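Read through the structure below, which is laid out as structure tokens, and then see the notes.
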Amino acid sequence: MIRSELVQKIADENPHLYQKDVERIVGTIFDEIINAMAAGDRVELRGFGAFSVKKRKARLGRNPRTGEAVNVAEKHVAFFKTGKLLRDRLNRI
Amino acid sequence: MSEKTLTRMELNEALFREVGLSRNESSDLVESVLNHLSDALVAGETVKISSFGTFKVCDKTERIGRNPKTGEEAVITPRRVLSFRPSHLMKERVSAGNSD
């Protein structure tokens, strides 16, 4: 399923909304999640999962092509942990 | 890093504020989006949200693991797990927003 298919499904269920509004609704939800993480916040959606920011320490990496050692700076990455309900549903519990 | 947590409540509030929906309708739509994402994943579909990220279901085979507390060996049953890969946009924004 891609973003446009998700928008279509929501639009089909809500005939009183314009397609354009549904696009904004879906876009707002995903933007809010990114904004929160960009601010270092956690996003917890019970039953679905939680998005959090994890710090990756600076490390000495290697250029896989040349084998040369390179410094990799400290960075922050987005992390998603599946919620209990969704995890159980994936395994038909 | 701050300790704030965004929940359904803040997403509902954002729809109320940005799109001008009623609070009730906002909350129904947030729920509906999460349900559609979950249903597609449970059906084994990959969910690709452009400029957000990709959720993919992976099948894990049975393996022998260990109870980390007791060191005892245990069979880990085959299972389906979800993996999320953030989009470039998310990676950039998370990385830029959290660098001091």
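Note that the structure is predicted; figures quoted are calculated from it, not measured. So that the names make sense, note that chain A is the first sequence line, chain B the second, and so on, each numbered from 1.
- The residue among A/Lys81, A/Arg56, A/Glu13 with the most heavy atom pairs within less than 4.5 Å of chain B is A/Glu13.
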Take B/Arg66 and B/Glu73 through the salt bridge (charged side-chain N to carboxylate O under 4.0 Å, His left out) test and state the conclusion after the steps. CA-CA 4 Å; B/Arg66 256 174 211 289; B/Glu73 281 194 356; 3.3 Å; yes

Could you walk me through whether A/Arg3 and A/Glu23 satisfy the salt bridge (charged side-chain N to carboxylate O under 4.0 Å, His left out) test, starting with their C-alpha distance in whole Å, then the side-chain angles of each, then the deciding distance to 0.1 Å, before giving a yes or no? CA-CA 9 Å; A/Arg3 186 195 274 256; A/Glu23 274 164 23; over 6 Å; no

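- Taking CZ of A/Arg89 as the start and NZ of A/Lys84 as the end, the distance is 14.0 Å to the nearest 0.5 Å.
- Residue A/Glu5: no heavy atom, backbone or side chain, is found under 4.5 Å from chain B.
- Contacts of A/Val43 with chain B are made by both backbone and side-chain atoms, with heavy-atom separations under 4.5 Å.
- Of the listed residues (B/Glu25, B/Glu92, B/Lys48), the one with the most heavy-atom contacts under 4.5 Å to chain A is B/Lys48.
- Classified by interplanar angle (parallel below 30°, tilted 30° to 60°, perpendicular above 60°), the ring pair A/Phe51/A/Phe80 is tilted.
- Residues A/Met1 and B/Glu45 share a closest heavy-atom pair of N-OE1, 3.2 Å.
- B/Val33 is not connected to A/Leu85 by any chain of hydrophobic side-chain contacts under 4.5 Å among Ile, Leu, Val, Met, Phe, Trp and Tyr, and they are in different clusters.
- Heavy atoms closer than 4.5 Å to chain B are found in the side chain of A/Leu17, but not in its backbone.
- Interface residue B/Ser51: backbone and side-chain heavy atoms are both found under 4.5 Å from chain A.
- The most heavy-atom pairs under 4.5 Å with chain B, out of A/Asn35, A/Asp31, A/Asn14, come from A/Asn35.
- Residue B/Asp59 does not touch chain A at all, counting heavy-atom pairs closer than 4.5 Å.
- Interface summary for chain B: among A/Val7, A/Leu6, A/Ile25, A/Ile2, the most heavy-atom pairs under 4.5 angstrom belong to A/Ile25.
- Interface residue A/Ala36: only side-chain heavy atoms are found under 4.5 Å from chain B.
- In this structure, chain A has heavy atoms under 4.5 Å from both the backbone and the side chain of B/Ser95.
- Between B/Val75 and B/Ile64, the closest side-chain pair of non-hydrogen atoms falls below 4.5 Å.
- Contact check on B/Lys4 versus B/Glu10 returns no salt bridge, with no Lys/Arg side-chain nitrogen under 4.0 Å from an Asp/Glu carboxylate oxygen.
- The candidate with the highest count of non-hydrogen atom pairs below 4.5 Å against chain A, out of B/Leu37, B/Asn35, B/Thr77, is B/Leu37.
- Proximity to chain B (any heavy atom under 4.5 Å) is shown, for A/Ile29, by both the backbone and the side chain.
- Both the backbone and the side chain of B/Val19 come within contact range of chain A, with heavy atoms under 4.5 Å apart.
- Heavy-atom minimum distance, B/Arg8 versus A/Arg46: NH2-O, 2.8 Å.
- Proximity to chain A (any heavy atom under 4.5 Å) is shown, for B/Ala14, by both the backbone and the side chain.
- If you run side-chain contact (heavy atoms from CB on, under 4.5 Å) between B/Leu29 and each of B/Leu34, B/Asn12, B/Leu15, B/Leu11, only B/Leu15 comes through.
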